[in-house]
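Computed from heavy atoms alone, side chains included, the values below leave out hydrogens, waters and symmetry copies.
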Amino acid sequence: MSSYIKLIIFIVVLLLVSVTVVYIDSSMDNINHSMPEISDGIVQGDKDYNESVELLNSQNYDEAKNKADSAGDNYNNSLHKLEGIKDKYEKDLNDVHKNYIDTSINELKVKLKAVDELKESIHYLGMYYNYTGSSHGTEANDLMSNAVNYQNKRVNIVQENPELFT
């Protein structure tokens, strides 16, 4: 094999390695760029959820429903972005990032169920079906407690691996 062919093979291999490194770095850059927005959506969803509960306790049913809808929208947006990241970049993620994303997805799915139960509670309490409304409210509280367990797990993952989360 001539040295010219060896040089061409070397350049092609070098280019492939370079493209691979750039692709992996750019995928992590995309993920890191998306995470603050996802986190903000979760935080805003939590805020809206808590405000909805306060409004419900004050018997302000219309505003409670609006805040519950907003919480659901924030959770859904964050969930869809996380699922998109998982689908698009799963092969590039290490086990810690995969665990973080899976935990966050589970957290959001449970929070969305809690929002649905809260909306049912608002609906029934607004129609003076107190027993049914209270039952849905209790279920919403139980689901949100379960979601907080996922949230705590997610926070622990970050705290145990600060070098992986910028």
Side-chain angles (χ1 to χ4, degrees), residues 19-57 60-126 132-133 135-166:
V19 167
T20 302
V21 168
V22 168
Y23 175 75
I24 290 172
D25 284 345
S26 68
S27 65
M28 287 311 295
D29 287 343
N30 285 334
I31 292 168
N32 288 335
H33 178 71
S34 299
M35 292 314 287
E37 188 177 342
I38 291 167
S39 180
D40 289 347
I42 295 170
V43 168
Q44 186 60 49
D46 291 344
K47 182 177 179 239
D48 290 341
Y49 183 91
N50 291 331
E51 287 177 16
S52 177
V53 170
E54 289 175 16
L55 289 162
L56 175 60
N57 290 335
N60 188 341
Y61 303 116
D62 290 336
E63 285 301 311
K65 185 183 179 318
N66 289 340
K67 283 293 180 178
D69 288 340
S70 180
D73 291 344
N74 280 296
Y75 292 149
N76 261 321
N77 289 338
S78 292
L79 177 62
H80 291 308
K81 288 175 185 168
L82 281 169
E83 290 174 334
I85 288 171
K86 184 177 179 181
D87 290 344
K88 189 171 183 178
Y89 301 112
E90 185 164 21
K91 293 176 184 171
D92 300 331
L93 298 172
N94 62 39
D95 288 339
V96 173
H97 284 122
K98 286 178 185 176
N99 189 20
Y100 178 87
I101 289 173
D102 288 341
T103 300
S104 300
I105 287 171
N106 288 332
E107 173 190 346
L108 287 165
K109 286 180 177 180
V110 174
K111 285 182 176 183
L112 283 165
K113 289 178 185 175
V115 167
D116 289 343
E117 288 296 325
L118 179 61
K119 288 180 188 179
E120 289 294 313
S121 179
I122 293 165
H123 172 75
Y124 285 111
L125 289 172
T132 304
S135 294
H136 284 286
T138 299
E139 182 64 21
N141 288 338
D142 292 345
L143 287 164
M144 194 53 79
S145 291
N146 289 336
V148 169
N149 291 332
Y150 284 114
Q151 181 177 329
N152 291 337
K153 182 178 177 185
R154 177 174 51 88
V155 169
N156 286 338
I157 292 169
V158 173
Q159 289 175 345
E160 292 170 1
N161 303 282
E163 71 282 358
L164 296 177
F165 297 92
T166 57

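Between atom NE2 of residue His123 and atom NE2 of residue His136 there is a gap of 9.0 Å, rounded to the nearest 0.5 Å.
Residue pairs satisfying the side chain to side chain donor-acceptor pair (under 3.5 Å) criterion with at least one member in residues 104-113, sequence neighbours excluded, are listed as follows: Asp46-Lys111, Glu107-Lys111, Glu107-Arg154, Lys111-Gln151.
With a 6.0 Å radius and a threshold of 12 heavy atoms from other residues, nucleotides or ligands, Glu37 has its CD atom at or below the threshold. Heavy atoms of other residues, nucleotides or ligands lying less than 6.0 angstrom from CG of Asp95 number 12 at most.
Heavy-atom minimum distance, Ser52 versus Ala64: OG-O, 2.7 Å. Minimum heavy-atom separation, Ile101 to Leu82: CG2-O, 4.1 Å. The shortest heavy-atom contact between Ala68 and Val115 is O-CG1, 3.4 Å. Nearest approach of Asn76 to Leu112, heavy atoms of both residues: OD1-CD1, 3.5 Å.
Using a 4.5 Å heavy-atom cutoff, the side chains of Asn99 and Lys153 are in contact. When side chains are defined from C-beta on, Asp102 counts as touching Lys86, because their heavy atoms get closer than 4.5 Å. The closest side-chain heavy-atom distance from Gln159 to Val155 is below 4.5 Å. Residues Thr132 and Ser121 have side chains not in contact (no heavy-atom distance under 4.5 Å, counting atoms from C-beta outward). Counting heavy atoms from C-beta on, the side chains of Tyr49 and Lys67 never come closer than 4.5 Å. Inter-residue side-chain proximity for His80 and Glu83 is flagged as met; some heavy-atom pair is nearer than 4.5 Å.
Tested against Tyr100, the residues Ile105, Leu164, Ile157 include a single side chain to side chain contact (heavy atoms under 4.5 Å, CB included) partner, Ile157. Applying side chain to side chain contact (heavy atoms under 4.5 Å, CB included) to Tyr61 and the options Leu55, Asn66, Leu125 leaves one that passes, Leu125.
Ion pairing between Glu90 and Lys98 fails under the 4.0 Å rule for side-chain N and carboxylate O. Salt-bridge check for Lys65 with Asp69: passed, with a basic side-chain N closer than 4.0 Å to an acidic carboxylate O.
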- Step by step, work out the side chain to side chain contact (heavy atoms under 4.5 Å, CB included) result for Ile42 and Leu108. CA-CA 8 Å; Ile42 295 170; Leu108 287 165; 3.7 Å; yes

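At a cut-off of 3.5 Å, with distance as the only test, no side-chain donor of Glu54 or Asn50 sits close to an acceptor on the other residue.
Between the side chain of Ser39 and the backbone N or O of Met35, no donor-acceptor pair lies under 3.5 Å. One N or O on the side chain of Ser145 and one on the backbone of Asn141 form a donor-acceptor pair closer than 3.5 Å.
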